[in-house]
Amino acid sequence: LKGGPAISRQALEALEETLVRADMGAPTARAIIHEVEESAKKDTTHKVHLANHLRKAILGKLESVQTPFALPKPGIILLVGVNGAGKTTTTGKLAARFAGEGRKVLLAAGDTFRAAAEEQLTEWAQRAKVEFIRGAHGAAPSAVVFDALQSGLAHGADCLLVDTAGRLHNRSNLMEELRKIVRVAEKAAPGVHQEKWLVLDANTGQNAMNQAREFNKEVGLTGLVLTKIDGTAKGGIVVALAGELGLPVRFLGVGEQMDDLVPFDPGLFVEALVP
Amino acid sequence: NLTDRIQKVFKNLRGQGKITEANIEETLKEVRLALLEADVNVETTKLFLEKIKVKALGKEVALSLSPGQVMIKIVHEELIQLLTPKDKTANKLKFAPAPPTLILLAGLQGTGKTTTAAKLAAWLKKDGRKPGLVAADLVRPAAIEQLATLGKEIGVPVFRPENGEKALDVCTRAVKTALQNDCNILILDTAGRLQIDEEMMNEIAEIQKKLKPTNIMLVVDAMTGQNAVQVAQAFHARLPLTGLVLTKADGDARGGAIFSITSVTGVPIQFVGVSEKMDGLEAFYPDRMASRILG
Ligand SMILES: Nc1nc2c(ncn2[C@@H]2O[C@H](COP(=O)(O)OP(=O)(O)OP(=O)(O)O)[C@@H](O)[C@H]2O)c(=O)[nH]1
Ligand SMILES: Nc1nc2c(ncn2[C@@H]2O[C@H](COP(=O)(O)OP(=O)(O)OP(=O)(O)O)[C@@H](O)[C@H]2O)c(=O)[nH]1
Ligand SMILES: [Mg+2]
Ligand SMILES: [Mg+2]
């Protein structure tokens, strides 16, 4: 990927295609390539390496939204997102991570709907060796979350992780249910810092934009978790999301085991995107 | 939407006229953007646009239509054609000459296999057949529990692993004892797996080799992006896929990935998941899918 005194149109188009193929979306890819072209033109070095300019442009987008993350004591994290994204598994991995940092963790089973949802999270609580609160299957999720947070805080939990049911963002009744869960969490834990993370499957294409916009509109997202990046999907959509919604990626899911969660590193991510 | 965008391209032409190289380039750009936005694979999009160009060049535009409308029609019809299998029976489940008929479900993690397995069982039961479910996911926590719960909900027996059985073992035992358990069709629910996971791909390839299921379906999430084709090709190389199931189509994802998969592999789309409920499974309609992809 080397340019020259004249930046090859073909080279730029090939790069743009790589970005689209990485699920960055045509508009974001176009904007980034335009930026690459501009910065490459200004490059007075003997040999212009387009790939370097490209990495720099993408890194710039990601770093501009990457605020440092530290969960206050006490702190709540709500995991939300569409069906099958990896919320329950991520909740379990986060529990293990925070427990390993010496936090007093509570897992709350906010999914009271899906078959064996509570059993799945129970298994994770056992693996991570953390406190776990669930309600009756089919009970109102907001009621379970309220009780779990109140009880958890009363018993000294300083890291409360709330798993919620998968829901499609175009289902207004389900989004209303989520708004209620968030309101109720605020009631149960007034003044306690609340993170709301959208769990996004790296295999997701442009629909991730709709997901993020809608979930953000409904509950105000504070971050993203990108899962299944151990597969061949590149997750380039997070670059588009950084630009449009300013959302930082907090963690990457890199497998199905308890330890398969890594803090997001923009530099490493860009290296994987543009090797 | 695409119709408006294409109409704009042609707004300076009127009624009778020909579609030329010049005005078609602009239209193809718009169609390309629409397809990429819909998650159609980059390569599939290229091939599709080439087909459209050939079909559109030199096309006479009748007085009653605008050139834009003619273009839309060409794109829409081509998409429908590519979504429609040549063989009219390709979109149906096949039944084995001797029971039990087997349906093997495969796919990436979280695509909707377990839910689809139960929906298929409910569908078949309603159709007067005797389905059984086989819980062959020994990886995911509470996966067996999940399928057992759904089986109970729809009144279909579930074969669960016993005495340290692996995935192949429980499937084999289910096949051997299907008839005595009053099942003439078995749906094998498997663990989600990455197509690059050698061990897991070997596991499912072995199930296919030993039990030779009549139906092998790749379960694909409607919101899948550009990675879809690469994944599907890898699965198709290890398992001779007979059908695709598109899940979560009740969302607002355009579903271009399933079009890419079917056009590249030739595997027909057989069912569409439209809700989390047990009756949320529909047949596949090419024209509806074409409209959805074009937005
Ligand atoms: N390879 C891989 N698989 C993952 C990852 N995260 C989750 N999974 C798998 O994805 C599947 C779905 O994960 P869940 O945690 O059940 O997803 P969910 O969002 O809670 O699903 P619903 O509650 O049904 O909406 C499971 O098979 C997980 O093991 C990851 O980072 N990598
Ligand atoms: N809205 C909607 N949700 C669906 C559909 N199909 C499955 N789901 C949901 O998607 C999530 C994942 O479904 P599963 O059946 O657990 O997926 P899976 O492929 O078996 O997952 P793994 O076994 O972990 O690979 C669950 O929350 C399901 O209820 C569908 O057609 N529409
Ligand atoms: Mg879950
Ligand atoms: Mg499953």
Side-chain angles (χ1 to χ4, degrees), chain A residues 16-18 20-27 29-30 82-89 92 113-124 126-127 137 165-171 174 201-211 214 227-228 230-237 253 255-256, chain B residues 32-43 45-46 108-115 118 139-153 191-197 220-228 230-231 234 247-248 250-257 273 275-276:
Chain A
E16 190 167 337
E17 205 167 273
T18 318
V20 173
R21 182 70 184 71
D23 283 320
M24 215 176 273
R30 172 62 45 96
V82 302
N83 306 72
K87 298 175 293 301
T88 303
T89 306
F113 167 75
R114 207 208 63 216
E118 293 92 338
E119 284 81 349
Q120 186 186 4
L121 199 59
T122 302
E123 171 72 19
W124 279 109
Q126 289 171 351
R127 286 184 188 185
H137 189 72
R167 70 200 67 230
L168 294 180
H169 50 281
N170 57 332
R171 286 286 306 275
L174 298 181
D201 184 331
N203 285 283
T204 312
Q206 297 313 298
N207 194 249
M209 301 303 295
N210 286 16
Q211 291 176 28
E214 285 308 306
T227 62
K228 310 177 199 172
D230 46 315
T232 49
K234 298 285 187 174
I237 199 78
E256 300 189 75
Chain B
R32 175 176 179 271
L33 289 178
L35 294 178
L36 292 179
E37 187 183 67
D39 292 319
V40 178
N41 187 269
V42 172
E43 272 311 309
T45 300
K46 272 200 192 128
L108 294 177
Q109 289 87 347
T111 51
K113 298 174 293 300
T114 303
T115 309
V139 174
R140 168 176 160 152
I144 296 166
E145 218 45 52
Q146 183 186 6
L147 192 65
T149 302
L150 294 177
K152 191 147 171 272
E153 184 183 328
R193 69 203 65 221
L194 300 177
Q195 84 280 11
I196 53 173
D197 185 334
V220 181
D221 194 323
M223 63 185 92
T224 313
Q226 294 288 321
N227 195 34
Q230 179 176 352
V231 171
T247 60
K248 309 176 202 172
D250 43 321
D252 58 9
R254 302 260 287 277
S275 85
E276 288 191 80

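Reminder, nothing fancy here: chain letters follow the sequence lines and each chain counts from 1.
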Which region of [X], side chain (C-beta onward) or backbone (N, CA, C, O), has a non-hydrogen atom less than 4.5 Å from a non-hydrogen atom of chain A, or is it both or neither?
{"X": "B:Lys46", "result": "side chain"}
{"X": "B:Asp197", "result": "neither"}
{"X": "B:Gln109", "result": "both"}
{"X": "B:Ile196", "result": "side chain"}

Need one label for [X]: side chain, backbone, both or neither, based on atoms under 4.5 Å from any heavy atom in chain B.
{"X": "A:Asn83", "value": "both"}
{"X": "A:Glu123", "value": "side chain"}
{"X": "A:Ala26", "value": "side chain"}
{"X": "A:Asn203", "value": "both"}

Treating [X] as the side-chain partner and [Y] as the backbone partner, does any N or O pair qualify as donor plus acceptor under 3.5 Å?
{"X": "B:Gln226", "Y": "B:Val40", "value": "yes"}
{"X": "B:Thr247", "Y": "B:Thr111", "value": "yes"}
{"X": "B:Thr114", "Y": "B:Leu147", "value": "no"}

Heavy-atom pairs under 4.5 Å with chain A: which of B:Arg254, B:Gln195, B:Glu153, B:Arg32 has the most? B:Gln195

Contacts of B:Ala142 that satisfy side-chain contact (heavy atoms from CB on, under 4.5 Å) - sequence neighbours left out: A:Ala116, A:Glu119, A:Gln120, B:Glu145

Set of side-chain contact (heavy atoms from CB on, under 4.5 Å) partners for A:Ala115, sequence neighbours left out: B:Gln146, B:Thr149, B:Leu150

With the threshold set at 4.0 Å, does a side-chain nitrogen-carboxylate oxygen contact exist between A:Glu16 and A:Arg30? yes

Out of A:Asp230, A:Thr232, A:Thr122, return the one with the most heavy atom pairs under 4.5 angstrom to chain B. A:Thr232

Mind running side chain to side chain contact (heavy atoms under 4.5 Å, CB included) on B:Thr115 and A:Arg114 for me, showing each step along the way? CA-CA 10 Å; B:Thr115 309; A:Arg114 207 208 63 216; 5.7 Å; no

